[in-house]
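Presented below is the structure to which this report refers.
Just follow the structure's listing: the first ligand is 1, and inside any ligand the first atom is 1.
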Amino acid sequence: MTTPQYEPLRSTHDLPLTAIVIGAGLGGCAAAIALHHHGHRVLCVLDKVREFGRLGDSLGLGENAFTLLQKWGCPVSEIKRIGNQAPNMTIRRWRDGKVLAVQPLMDMAGYIGHRGDYHDVFLSWVRARGIPIRMGSEVVAYDDVDPQPIITLKSGERLKADVIVAADGIKSLARPLVLGVRDDPVSSGYACFRAFFKPTAEQRGDARINKYMGEDCVNFWIGPDTHLVQNTLRGGEEFNWIITHKDDGDVPESWFQEGDMEEVRRLVMTLDPDIRGIVEQTERCLDWKICYREPLSTWVSAGSHRIVLLGDSCHAHLPTSAQGASQAVESAGVLATALDLVNGRDEVGVATRSYEKLRFGRTRLSQLNGEDLRDRWHGILKSVDEDRDIDPEDVKIKNRWLYSFDAEEDAEKRWKEVRETIDNEFHAGQISPLC
Ligand SMILES: Cc1cc2nc3c(=O)[nH]c(=O)nc-3n(C[C@H](O)[C@H](O)[C@H](O)COP(=O)(O)OP(=O)(O)OC[C@H]3O[C@@H](n4cnc5c(N)ncnc54)[C@H](O)[C@@H]3O)c2cc1C
């Protein structure tokens, strides 16, 4: 439900710009909500799946996302209420659980909740705005033509709009079809086993393995080339662990690949017994290969400049960034703002080209932040003598600078300068690459 007094902004153009969003994940939903808030007309959000399940497990949303969602009339208390309520998170030593650092949870992900639960809330916000979500609508082709690019669905139906937003995830089809980029995942050298379940009454009652159940908590165990994240969801009712481990290279990139619990049990043989028991008892887990995509030199179609990528399709993050969804929300706000600031539909290309320039630097820093944390966690116990205390600052999560940021305000502040650059580039017939 939206707050009753919420009214979207009026379009800054005589006729509102029309938009189609591809992908109804968190990024696509955020794009639809932001565009609607700014007075643009979202014709529909398309998703290839027939229905959404409660997929994935823990996902973080930071204050930088909430600032925007709140402006767009979304009651973020609905997210905060279902997020993990622990005030702090604890970073521990792999082998014995020794506390290395304690930080407020807000320094990391902000609110950690189940991706499926958060997704349900985002979908309800889209529906509350009367924006149609068309399920079972797989986009298979893009026609990058001016003044309205055309997309073709698997059914053969063709749709067009002033701007097309491809929020189609890490395995984006828009990347090869729209940008002409060969879609090669680059292995990060790591994969993670992850499990999510409701502990049984017996497990809850077993003092040897239930230390981290009962009430909401978030803990990390770090060791050489590995770390384990544990947190509860739904007030301690559900339990989630994720072990990042060296990748032998043969795990396919998939959200659904079954993991080998025997391998997990081998990996945790040296782990703190206070958490090892419940990991060993877990019945099944998933094995996610953690892949990078090389930073893209553009996020916008070369012909009409009216098809743009957003979210994981152009700036996927490592899990240690805890910012994948929040950065997608920021991108949504900047795109919608840029579309406001141009002079009508003839200038959609100026807006999309400004959007990619406004967003690239920040998303890159946020991605690198996640790599830095992983490297510090995996490296520190290799170099520090077991008996020596380590400086807590060396293992702390350093995400705070990301949160006090209003991406729309930033876009407005930098607009004049960026627009001038884009005007010059269009004039010269040469758009400069993002990297
Ligand atoms: C199944 C799944 C589980 C995940 N689990 C977690 C998790 O546990 N923790 C975490 O931090 N992050 C998880 N993520 C990633 C996280 O959701 C994203 O990083 C973040 O929300 C930004 O998402 P996005 O909207 O850009 O992409 P996504 O969330 O990947 O959404 C993309 C959407 O596009 C749709 N789509 C793809 N191709 C087409 C097409 N050709 N036509 C129409 N629709 C299309 C997909 O069905 C999907 O719904 C998961 C993603 C998925 C898809």
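- The contact set between ligand 1 and G28, taken as ligand atoms under 4.0 Å from a residue heavy atom, comprises 25 (O).
- Note: F66 and Y111 have perpendicular aromatic rings, judged against thresholds of 30 and 60 degrees for the angle between ring planes.
- If you check the side chains of Q148 and D162, you find a donor sitting under 3.5 Å from an acceptor.
- Numbered from 1 in the order shown, with element, the atoms of ligand 1 that lie under 4.0 Å from a heavy atom of I22 read 42 (N), 43 (C).
- Within 6.0 Å of NZ in K80 there are more than 12 heavy atoms belonging to other residues, nucleotides or ligands.
- For P104 against M89, the heavy-atom pair with the smallest separation is O-CE, 3.5 Å.
- Annotation for Q230 and C217: closest pair NE2-SG, 3.4 Å, computed over non-hydrogen atoms.
- For the ligand labelled ligand 1, residue S137 lies inside the 4.0 Å heavy-atom shell.
- When only non-hydrogen protein atoms are considered, atom 8 (O) of ligand 1 lies nearest to D57 N, 2.7 Å.
- Regarding atom 41 (N) of ligand 1, its nearest protein heavy-atom neighbour is V139 O, 3.1 Å.
- Considering only non-hydrogen protein atoms, atom 34 (O) of ligand 1 sits nearest to G23 CA, 3.3 Å.
- Of all atoms in ligand 1, numbered sequentially from 1 with element shown, those under 4.0 Å from a heavy atom of F52 are 49 (O).
- Residue L26 has at least one heavy-atom neighbour below 4.0 Å for each of these atoms of ligand 1: 21 (O), 25 (O).
- No hydrogens or angles considered: a donor-acceptor pair under 3.5 Å links the side chains of R353 and T298.
- The shortest separation from a heavy atom of S58 to ligand 1 is under 4.0 Å, placing the residue in contact.
- Nearest protein heavy-atom neighbour of atom 31 (O) of ligand 1: G25 CA, 3.6 Å.
- Within ligand 1, counting atoms from 1 as listed, the ones closer than 4.0 Å to a heavy atom of A167 are 32 (C), 33 (C), 34 (O).
- Of the candidates G27, S321, G53, G169, it is G169 that places a heavy atom closest to atom 27 (O) of ligand 1.
- Note that the CD1 atom of I131 and the CG atom of L35 stand 8.0 Å from one another [nearest 0.5 Å].
- Annotation: E258, atom CD; neighbour count of heavy atoms from other residues, nucleotides and ligands within 6.0 Å is above 12.
- Here the shortest heavy-atom distance to atom 11 (O) of ligand 1, taken over V140, I112, L59, belongs to L59.
- No more than 12 heavy atoms of other residues, nucleotides or ligands shown are found within 6.0 angstrom of CD on E283.
- The contact set between ligand 1 and L55, taken as ligand atoms under 4.0 Å from a residue heavy atom, comprises 1 (C).
- Ligand 1 has no N or O atom lying under 3.5 Å from any N or O atom of S313, backbone or side chain.
- S354 and W415 share no side-chain donor-acceptor pair at under 3.5 Å.
- Residue contacts with ligand 1 do not include K171, since none of its heavy atoms lies under 4.0 Å from the ligand.
- Counting protein heavy atoms only, atom 22 (C) of ligand 1 is closest to D312 OD1, 3.6 Å.
- A search for ring-ring contact (aromatic ring centres under 6.0 Å, His included) contacts involving H315 returns W299, not counting sequence neighbours.
- At a 4.0 Å cut-off, at least one heavy atom of W288 sits close enough to ligand 1 to count as contact.
- Heavy-atom contacts of G311 reach the following atoms of ligand 1: 26 (O) (cutoff under 4.0 Å).
- Put simply, the residue from Y212, W377, W241 that forms a ring pair (Phe, Tyr, Trp, His ring centres under 6.0 Å) with W221 is Y212.
- A donor-acceptor pair shorter than 3.5 Å cannot be found between the side chains of D146 and H305.
- Of all protein heavy atoms, the one closest to atom 44 (N) of ligand 1 is K48 N, 3.1 Å.
- Below 4.0 Å from some heavy atom of R194 lie the following atoms of ligand 1, by number and element: 7 (C), 8 (O), 9 (N).
- Close N/O approach between R115 and ligand 1 is found [any backbone or side-chain N/O within under 3.5 Å].
- Protein heavy atom closest to atom 15 (C) of ligand 1, with residue, atom name and distance, is W255 CH2, 3.6 Å.
- The only option from D274, N219, D272 that meets the side-chain hydrogen bond (donor to acceptor under 3.5 Å, both in side chains) definition with R92 turns out to be N219.
- Considering only non-hydrogen atoms, atom 35 (C) of ligand 1 lies nearest to D47 out of V45, D47, D168.
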